[in-house]
There are 2 protein chains.
Amino acid sequence: MSDRARGRRAGGPDTRGQILASARSSFARKGFGRTTIRAVAADAGVDPALIHHYFGTKDDLFLAALEIGVDPREVVPRVFGPGLDGAAERLLSVILAVWDDPQTGLPLVALVRTSLGADAAHNLLHDGLIRLVFTPLQAMLPADEADRRAQMAATQMLGLVVARYLLRFEPLASMSRSEVVAWVAPSVQRYLSGPLPTLDEEQRPGE
Amino acid sequence: MSDRARGRRAGGPDTRGQILASARSSFARKGFGRTTIRAVAADAGVDPALIHHYFGTKDDLFLAALEIGVDPREVVPRVFGPGLDGAAERLLSVILAVWDDPQTGLPLVALVRTSLGADAAHNLLHDGLIRLVFTPLQAMLPADEADRRAQMAATQMLGLVVARYLLRFEPLASMSRSEVVAWVAPSVQRYLSGPLPTLDEEQRPGE
DNA sequence: GTCTATAGACGGATAGAC
DNA sequence: GTCTATCCGTCTATAGAC
């Protein structure tokens, strides 16, 4: 991001990178549907036709913009390797670090924003991103509790991400990573390894 | 919903209600941007022009579809009146009940999905919905901790809502209200009244 | 009340000149 | 490589007939 996001394309025409940067920004801010090729082109200072020339269709551009700098298969073992104890803290630290970095965070914001805008059916979110962290997580949990524990943990991390990076709540968005981890980790850890909740027999169906 | 969502408009032409029901459904599933007047009209079995005739512009239709059956000023005191103790459980019970009911839930799904798809700037979500529950909540908390405690609680509730009603994770979406409350309430309650997290002095900025 | 016809704007995609 | 010109589709919205 250091050499291409700054200013207009200097001398060496890194037009392709310029387009990618503008696309990432727009996809992250507006999602797929509200991003237009024309707007991306204008922001990058090039002609709309160039984008098709380089990337093909709008979908192709979106996929190209999702290319990310981290390989999940490398980071996942570091989080879950040491065991369930402290896993929440390690997981949250990694997640926040990845999302705080614009290079890796912007594509993820674009992915989440686009997925939430579309139908629940074919979302990249569940089949792609979440599955990546779910599968190894579930493998560490008792089989009959794995689904519930992992999904409850997911709700907390998803809500954190949405509030901090999509809606940009303050002061949450400006808090340090370590403070956020200190607040949230106990909740996530309880979902992973805390006691199962005891259900009251009386369930009031209506309100 | 019982008399108008079922089948085509019977004899008495409740066309207006039919349109509203279709609009709510589409706004909830696709958000504002991806909802088209034409599709709503087709789903309601009427002509697109009729929608303009009844409701005016697309924005007007959206606002009409957001009309909801619950008055927050009535339910809020019931949740926060008894005090901070057990507030999380009461709050979650109400939230889940409102969202589980299609009559009140669909407009809320539409609101959240649309807000998340748009820019962070002018979102109805923060200025409308969340503010409604935030203000009375913050009034019960120590002034210097109110923002943080309320926002951390908001992340959990937001993530729960997104996962259960927008993304429809399973088994989460099919779990009973009381089971969800049993899982999540302790987390929310800790944000509201638990001990403040202790921050380590050493903050590793990188990674 | 309900529908037909159409205006007017916008965006994706392509062909082809330079 | 980069841009001009343009086609085609989709959508909102309106005017007006029945």
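Throughout, a chain's letter reflects where its sequence line sits, starting with A, and its residues are numbered from 1.
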**Q** Out of the candidates B:Leu91, B:Val76, B:Ile95, B:Val79, only one should pair with B:Val133 under the side chain to side chain contact (heavy atoms under 4.5 Å, CB included) rule; please name it.
**A** B:Leu91
**Q** Just do the side chain to side chain contact (heavy atoms under 4.5 Å, CB included) check on A:Trp183 and A:Met175 with the steps written out, would you?
**A** CA-CA 11 Å; A:Trp183 271 107; A:Met175 284 165 62; 3.7 Å; yes
**Q** Could you check which of C:dC3, D:dC3, C:dT2 has an atom nearest any side-chain atom of A:Asp47?
**A**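 Of the options given, the side chain of A:Asp47 lies nearest D:dC3.
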**Q** According to the salt bridge (Lys or Arg N to Asp or Glu O under 4.0 Å) rule, which pairs have a member within residues 180-190 of chain B, sequence neighbours left out?
**A**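 Not a single pair qualifies under salt bridge (Lys or Arg N to Asp or Glu O under 4.0 Å).
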**Q** Roughly, in whole Å, what's the span from CG in A:Leu50 to C1' in D:dC3?
**A** 7 Å
**Q** Check each residue of residues 56-65 of chain A for a non-hydrogen atom within less than 4.0 Å of any atom in DNA chain C, then write out the ones that pass by number, or none.
**A** A:Thr57, A:Lys58
**Q** Could you state the atom-to-atom distance from CD1 of A:Ile51 to C1' of D:dC3 in whole Å?
**A**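 Going from CD1 in A:Ile51 over to C1' in D:dC3 covers 13 Å.
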**Q** Just to confirm, is there a sub-4.0 Å distance from OP1 or OP2 of C:dT2 to any side-chain nitrogen or oxygen of B:Tyr54?
**A** yes
**Q** Rounding to an integer number of Å, can you tell me how far B:Arg16 CZ sits from C:dT2 P?
**A**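 Going from B:Arg16 (CZ) to C:dT2 (P), I get 12 Å.
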**Q** Take A:Ile19 and A:Thr15 through the side chain to side chain contact (heavy atoms under 4.5 Å, CB included) test and state the conclusion after the steps.
**A** CA-CA 6 Å; A:Ile19 292 172; A:Thr15 315; 4.2 Å; yes
**Q** Between D:dT2, D:dA13, C:dA13, spot the one nearest the side chain of A:His52, thanks.
**A** C:dA13
**Q** With no hydrogens and no angle check, do the side chains of B:Gln189 and B:Ser193 hold a donor and an acceptor under 3.5 Å apart?
**A** yes
**Q** Would you say that A:Thr114 contacts A:Phe62 through its side chain, given a criterion of any heavy-atom pair below 4.5 Å between the two side chains?
**A** yes
**Q** Below the 4.0 Å mark, does C:dT2 have OP1 or OP2 next to a side-chain nitrogen or oxygen of B:Thr15?
**A** yes
**Q** All N/O contacts under 3.5 Å from nucleotides 15-18 of chain C to the protein, with atom names and distances to one decimal?
**A**
none

**Q** Which sits closer to the 5' end of DNA chain D, A:Arg38 or B:Pro48, going by the nucleotide each is nearest to?
**A** A:Arg38
**Q** In whole angstrom, what separates B:Ile37's CD1 from C:dT6's P?
**A**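 After rounding, the reported distance stands at 21 Å.
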**Q** With side chain to side chain contact (heavy atoms under 4.5 Å, CB included) as the criterion, how do A:Phe55 and A:Leu63 come out once you've worked through the C-alpha distance, each side chain's angles and the decisive distance to 0.1 Å?
**A** CA-CA 9 Å; A:Phe55 297 96; A:Leu63 288 179; over 6 Å; no
**Q** Separation of B:Gln18 atom CD from C:dG1 atom C1', in whole Å?
**A** 16 Å
**Q** I need the NE2-C1' distance between B:His53 and C:dT4, as an integer number of Å.
**A** 15 Å
**Q** Evaluate the side-chain proximity of A:Leu96 to A:Leu160: yes if any heavy-atom separation is below 4.5 Å, no if none is.
**A** yes
**Q** Taking it one step at a time, do A:Leu20 and A:Glu67 satisfy side chain to side chain contact (heavy atoms under 4.5 Å, CB included)?
**A** CA-CA 10 Å; A:Leu20 254 185; A:Glu67 289 298 334; over 6 Å; no
